[in-house]
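Reviewing the structure listed below.
Lettering of chains follows the sequences in order, A, B, ..., and the numbering in each one begins at 1.
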Amino acid sequence: MPELPEVETTRRKIEPLLLGRTILEVQHDAPHKYRDTHLAAGRRVTGLSRRGKYLMLHLAAAEAAHDQGADSPHDLEFIVHLGMTGGFRLEGGKHTRVTLRTDAGDLYFDDPRRFGKMAVVRPGEYAGMPTLAAMGPEPLSDDFREDFAALAAQAGAVKPWLLSQKPVSGVGNIYADESLWLAGLHPTQTRLTRDEAGRLYHAVRDVMGRAVEAGGSSLGKGEGNYRQHDGLSGLFQHAHNVYGKGGEPCPRCGTPIEKSVVAQRGTHHCPQCQPLRRETV
DNA sequence: CATCAATCCTGATCGC
DNA sequence: TGCGATCAGGATTGAT
């Protein structure tokens, strides 16, 4: 399930395949999921960026001057969300949903469960994408500061709060569980103290930083799992401490990891290391 | 406004 | 071994 580290890895991997290329055509059969992607035809990719779990191809007129190095101005953004199972491939297959035809070859978007979405918009016009419009700071940027403690002090259950993308961007189910374990916080803890918020801040940065370095997490053997465009796996799944490890001993204290459901998501935590602090009213 | 549940999807896995 | 039921979950929408 692509979260920030997987999307960032995807960005880095497909950048050399798309940068400077002209998109000739975008083929698909689901206009509702891939809105206005026909507008990309005839435009050149001048850069690839990422915001949270969203990938953006910067598009400019094909005849615009070819700047070297820095990203040149663009007048359209081709936004891609990988959903649960989306990913780019060098060859088409059974689950190819979108084909990007370029002047330097084709790139295929595979998405078995069809949760992925695309849209072409004017830069920054995210009215139709409320989560992107209200996106919190990048966890690995200087915009993410410990002053998020002020927000955390007012927050409801901490895991759903993280998953909302508002306090910080790019955290999904896997990295929420891993960050909360590292911070020693119960998934349903509310109204974090300053100390708790500080621990969570550092845990999110640590987990996300290491996961990006590892190329993200690749889980399971099935087709629907995250892979890089060349079929390579990320490595961070080997560093998971709690996700997918219900019943196994906590790496820190040996207590069996508990599996539960929080906010309709499979949730893993150590009852010993991550106790729920009762509100003292 | 905040919280919660339903919805979209289909391959993998589980239970009998 | 087969087959139906269940699980997985990010973002959005609708309900409370």
Under 4.0 Å between any heavy atoms, over every strand shown, what does [X] touch: base, sugar-phosphate, or nothing? Just pick one.
X: A:K33; result: sugar-phosphate
X: A:G83; result: nothing
X: A:P160; result: nothing
X: A:K259; result: sugar-phosphate
X: A:Y243; result: sugar-phosphate
X: A:K117; result: nothing

Ionic contact status for A:E15 with A:R12, cut-off 4.0 Å: no
A:R265 and A:D177 ion-paired at < 4.0 Å: no
For [X] and [N], what is the distance between atoms [atom1] and [atom2] respectively, to the nearest whole Å?
X: A:Y126; N: C:dT12; atom1: OH; atom2: C1'; answer: 18 Å
X: A:H268; N: C:dG9; atom1: NE2; atom2: P; answer: 7 Å
X: A:K53; N: C:dG10; atom1: NZ; atom2: P; answer: 5 Å
X: A:I174; N: C:dA8; atom1: CD1; atom2: C1'; answer: 11 Å
X: A:F109; N: B:dC9; atom1: CZ; atom2: C1'; answer: 13 Å
X: A:D177; N: C:dG10; atom1: CG; atom2: C1'; answer: 15 Å
X: A:Y175; N: C:dG9; atom1: OH; atom2: C1'; answer: 15 Å
X: A:M135; N: C:dT12; atom1: CE; atom2: P; answer: 9 Å

Compare the minimum distances between each of [options] and the side chain of [X], then state the nucleotide with the smallest one.
X: A:R114; options: C:dT12, C:dG10, B:dT10; value: B:dT10
X: A:R113; options: C:dG10, B:dG11, C:dA11; value: B:dG11
X: A:P130; options: C:dA11, C:dT12, C:dG10; value: C:dT12

Both A:R265 and A:G156 contact DNA chain B. Taking the nearest nucleotide for each, which residue is further toward the 5' end? A:G156
Find the distance between CG (A:L192) and OH (A:Y201) and round it off to the nearest 0.5 Å. 15.5 Å
To the nearest 0.5 angstrom, please state how far the OH atom of A:Y34 sits from the CD1 atom of A:I79. 15.0 Å
Would you check if A:F115 stacks with the base of C:dA11, given a 5.5 Å centroid limit and a 30° plane limit, both strict? no
Can you tell me whether the side chain of A:Q264 and the base of B:dA6 have a donor-acceptor pair closer than 3.5 Å? yes
Has A:H95 got a side-chain N or O lying under 4.0 Å from the OP1 or OP2 atom of B:dT10? no
Are A:Y175 and A:Y243 near enough that their ring centres are under 6.0 Å apart? no
Side chain to side chain contact (heavy atoms under 4.5 Å, CB included) between A:L162 and A:K159, intermediate numbers included: CA-CA 5 Å; A:L162 281 177; A:K159 179 169 175 177; 5.7 Å; no
